[in-house]
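Reminder, nothing fancy here: chain letters follow the sequence lines and each chain counts from 1.
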Amino acid sequence: MRNREVAGLLENIADLLEIKGESLFRIGAYREAARRIESLTQDIAQMAEAGTLRQIPGVGEAIATKIQEYLATGHLRYYDDLQHEVDPALIDLLRVPGMGPKKVQLLHKSLSIRTMDELYQAAREHRLAPLPGMGVKTEQNILKELERLQQRTQRHLLGKVLPASEEVVALLRELPIVQRADPAGSIRRMKDTIGDIDILVASDSSEKVMKAFAQLPMVKEVIAMGATKSSILTYDNLQMDLRVVEPNCYGAALQYFTGSKSHNIQLRELAQKRGLKISEYGIFEETTGKRLGSKEEEEIYHILDLAFIPPELRENQGEIEAAQEGKLPKLIEIGDIQGDLHVHTKASDGSEPLMAMASAARAKGYQYLAICDHSKSLGIARGLSVEKLQSQWEEIRELNAQLVPFRILAGTEVDIRNDGTLDYDDDTLRGFDIVTASIHSGFNQPQERIMERLAAAMHHPTVDVINHPQGRIIGARDPYAVDLEMAFQLAAVTGTALEINAMPDRLDLDDHAARRAKELGIKLTISTDAHDSSHLNFMRYGVATARRGWVEKKDVLNALPLSELLNWLSQRRRKR
DNA sequence: GCCGTTTTCGGCCCGACTGTTTTCAGTCG
């Protein structure tokens with residue numbers, strides 16, 4: 001898939017146009033197209049061949065032609081020319097907070113500054129301040145931001161940021177002056193990675209809240225402090241932005257600060273067409289200025305005759321249209337989950353015994369838990385030999401007798417070997433209650449080989465689920481070369497379920513892929529891949545990813561009660 | 001550059017904050 005590559009190209013064009021001082025609307029058009037292509041599960045190259053590029057919202061005549069040219073020839077004349085007009089090195093400077101296209105252009109023209117290093121030097125030597133529109137304060141800020149940029153990694157895992165934000169929100173809620181508090185922004189939308197943390201508070205004493213916020217125990221540095229907005233840096237280098245609003249605007253503010261930007265823009269356009277205006281203070285009649293709603297978030301949507309749109313869907317990916325037509329999905333909820341279908345124990349690379357994992361699952365109110373330790377050849381993870389399996393099965397039988405009606409399923413995470421064969425013989429595989437299969441090697445194989453392996457696994461008569469089908473580790477490893485559309489077709493034909501792996505650094509299938517799989521009627525599992533009992537709590541991230549993928553309860557295998565899950569599994573055995 | 005039950009041309013979300021200014025430009029979300 002070259003989707004990310006094409007999206008990146010369009011982003012670069014937008015950046016260059018921005019520095020060049022082009023129309024903001026044209027720049028926005030490139031960014032919107034990039035965003036749409038990034039979230040596509042269909043292969044952009046295939047769409048280009050089929051001539052269907054213009055079906056992508058935000059892609060019109062001009063951009064479609066450019067994509068065609070780029071994919072066919074490997075380069076784009078327009079982009080090449082642009083790079084001669086505007087030095088591409090300057091794009092980097094836009095990453096410095098406070099540096100926009102105008103300042104980048106100014107510094108480039110007057111001081112020939114091209115890189116962050118040069119910018120840093122110039123600021124150190126006080127050459128920025130005398131420039132028109134700059135000044136001492138601006139120079140100091142640039143210096144500070146450059147230093148901060150070095151120590152701050154760009155994006156953080158939801159699994160790290162969500163608990164941190166909830167901790168802060170809990171502390172803020174304890175203050176008597178605080179009426180309401182919530183994480184907002186991309187955290188509330190449950191994106192898999194997060195930049196800055198947005199927190200919203202309703203209070204009549206804004207400044208007191210600011211002060212209390214700045215004194216929280218996790219605060220390392222106060223970056224900015226205004227009347228209604230302040231930013232801090234925590235000891236684990238998370239930036240948190242706090243905004244305080246009056247309680248009667250809280251709903252409108254929560255809607256606004258939850259975003260996404262793109263969702264809000266579309267919502268505001270819709271409002272405009274009806275003679276209404278939306279801001280963070282409420283929804284108003286354009287002509288009279290009369291406020292129609294603001295206290296609760298739901299009001300904003302209801303006044304526009306929309307069903308309430310859950311935060312996870314607010315990405316301008318068709319949710320507003322669906323809300324208009326009353327066709328929003330009834331999203332799966334954490335309480336719908338009846339069990340976990342992928343966990344490890346001490347027998348392979350987990351850290352707790354079977355009994356501990358089972359008790360923890362039962363304590364969560366689950367009806368079942370599938371033990372899926374690694375298979376024999378995965379030496380690095382102490383994969384189980386057939387002999388060890390026998391004793392694990394024995395242990396499971398004994399425990400099940402004690403724990404009834406709770407049920408431990410004897411499962412495996414069998415390795416799909418480099419040649420596409422599975423890591424246990426068929427007889428052994430038939431002995432499991434559930435077989436999940438994974439690729440753990442040959443990550444760099446070409447797409448054909450990867451697809452052959454996946455196809456072989458999905459056609460194998462015992463395989464029920466493919467785990468982490470994309471194979472990404474967020475921030476560490478790119479997905480392997482999966483043709484997702486083909487994988488989905490295979491899953492649909494063979495009736496194989498696909499996992500949404502809930503590990504915070506996997507979340508694989510990701511949200512877009514999950515949505516496409518759901519559209520094609522593929523069964524999904526949401527499992528944690530827990531290696532100790534605390535990891536069972538990762539389920540919320542898997543459910544969040546599923547929700548972002550418009551997934552409903554009926555799409556998810558482990559939302560079934562035990563008896564129906566067992567039915568599904570045995571019917572599958574009979575069919576094959 | 002995209003898009004269309006108010007438009008194939010003329011629109012394109014809205015406000016706060018900062019630092020530089022004497023009324024505003026640039027940046028951000």
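- Residue-level contact check: Tyr30(A) touches the backbone only, with heavy atoms under 4.0 Å from sugar-phosphate atoms and none from bases.
- Protein chain A contacts DNA chain B over a range whose 5' and 3' limits, counting nucleotides with an atom under 4.0 angstrom from a non-hydrogen atom, are dG1(B) to dG29(B).
- Considering only residues two or more places apart in sequence or on other chains, Tyr250(A) meets the ring pair (Phe, Tyr, Trp, His ring centres under 6.0 Å) condition with none of them.
- Contacts of Glu32(A) with the nucleic acid, taken as non-hydrogen atoms under 4.0 Å apart, are absent.
- At the heavy-atom level, Arg54(A) lies nowhere under 4.0 Å from the strands shown.
- Residue contacts shown for Asn141(A) are limited to sugar-phosphate atoms, with no base heavy atom under 4.0 Å away.
- Comparing dC12(B) with dT7(B), their P atoms sit 15 Å apart, to the nearest whole Å.
- Using a 4.0 Å heavy-atom cutoff across all strands shown, Glu61(A) reaches sugar-phosphate atoms only and no base atom.
- Remark: dG15(B) base-pairs with dC28(B). Criterion, Watson-Crick or G-U wobble with two distances under 3.5 Å.
- The residue Val245(A) sits apart from the nucleic acid: no heavy atom pair falls under 4.0 Å.
- Across dG26(B) and dT20(B), the matching C1' atoms stand 10 Å from one another, rounded to whole Å.
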N/O donor-acceptor pairs under 3.5 Å from side chains in residues 169-181 of chain A, not counting sequence neighbours:
{"from": "Arg173(A)", "atom 1": "NE", "to": "Ala181(A)", "atom 2": "O", "distance (Å)": "3.0"}
{"from": "Arg173(A)", "atom 1": "NH2", "to": "Ala181(A)", "atom 2": "O", "distance (Å)": "2.6"}
{"from": "Arg173(A)", "atom 1": "NH2", "to": "Asp182(A)", "atom 2": "OD1", "distance (Å)": "3.2"}
{"from": "Arg180(A)", "atom 1": "NH1", "to": "Glu296(A)", "atom 2": "OE2", "distance (Å)": "3.3"}
{"from": "Arg180(A)", "atom 1": "NH2", "to": "Glu296(A)", "atom 2": "OE1", "distance (Å)": "3.1"}

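- Nucleic acid contact class of Lys102(A) (heavy atoms, under 4.0 Å, all strands): sugar-phosphate only.
- Place Phe257(A) and Ile56(A) on DNA chain B by their nearest nucleotides, and Ile56(A) ends up nearer the 5' end.
- Partners of Glu22(A) according to the side-chain hydrogen bond (donor to acceptor under 3.5 Å, both in side chains) rule, which considers only residues two or more places apart in sequence or in another chain, are Arg26(A).
- Rounded to a whole angstrom, the distance from the P atom of dG1(B) to that of dT6(B) is 28 Å.
- By the side-chain hydrogen bond (donor to acceptor under 3.5 Å, both in side chains) test, Ser279(A) is found to be paired with no residue, residues two or more places apart in sequence or in another chain being considered.
- Across all strands, Ile278(A) comes closer than 4.0 Å only to sugar-phosphate atoms, never to a base (heavy-atom distances).
- Between Lys277(A) and Ala64(A), the one whose closest nucleotide on DNA chain B sits nearer the 5' end is Ala64(A).
- Taking the P atom of each, dT21(B) and dA16(B) are spaced 24 Å apart, rounded to whole Å.
- With sequence neighbours excluded, the residues satisfying salt bridge (Lys or Arg N to Asp or Glu O under 4.0 Å) with Arg516(A) are Glu485(A), Glu519(A).
- Note on Arg243(A) versus Glu280(A): no salt bridge recorded, every NZ/NE/NH1/NH2 to OD/OE distance being 4.0 Å or above.
- For the 3.5 Å distance criterion, the side chains of Thr545(A) and Asp511(A) fail to qualify, holding no donor opposite an acceptor.
- No engagement by Pro132(A) is indicated, since no non-hydrogen atom pair under 4.0 Å with the nucleic acid exists.
- dC13(B) and dC3(B) have their P atoms separated by 14 Å, with the value rounded to a whole Å.
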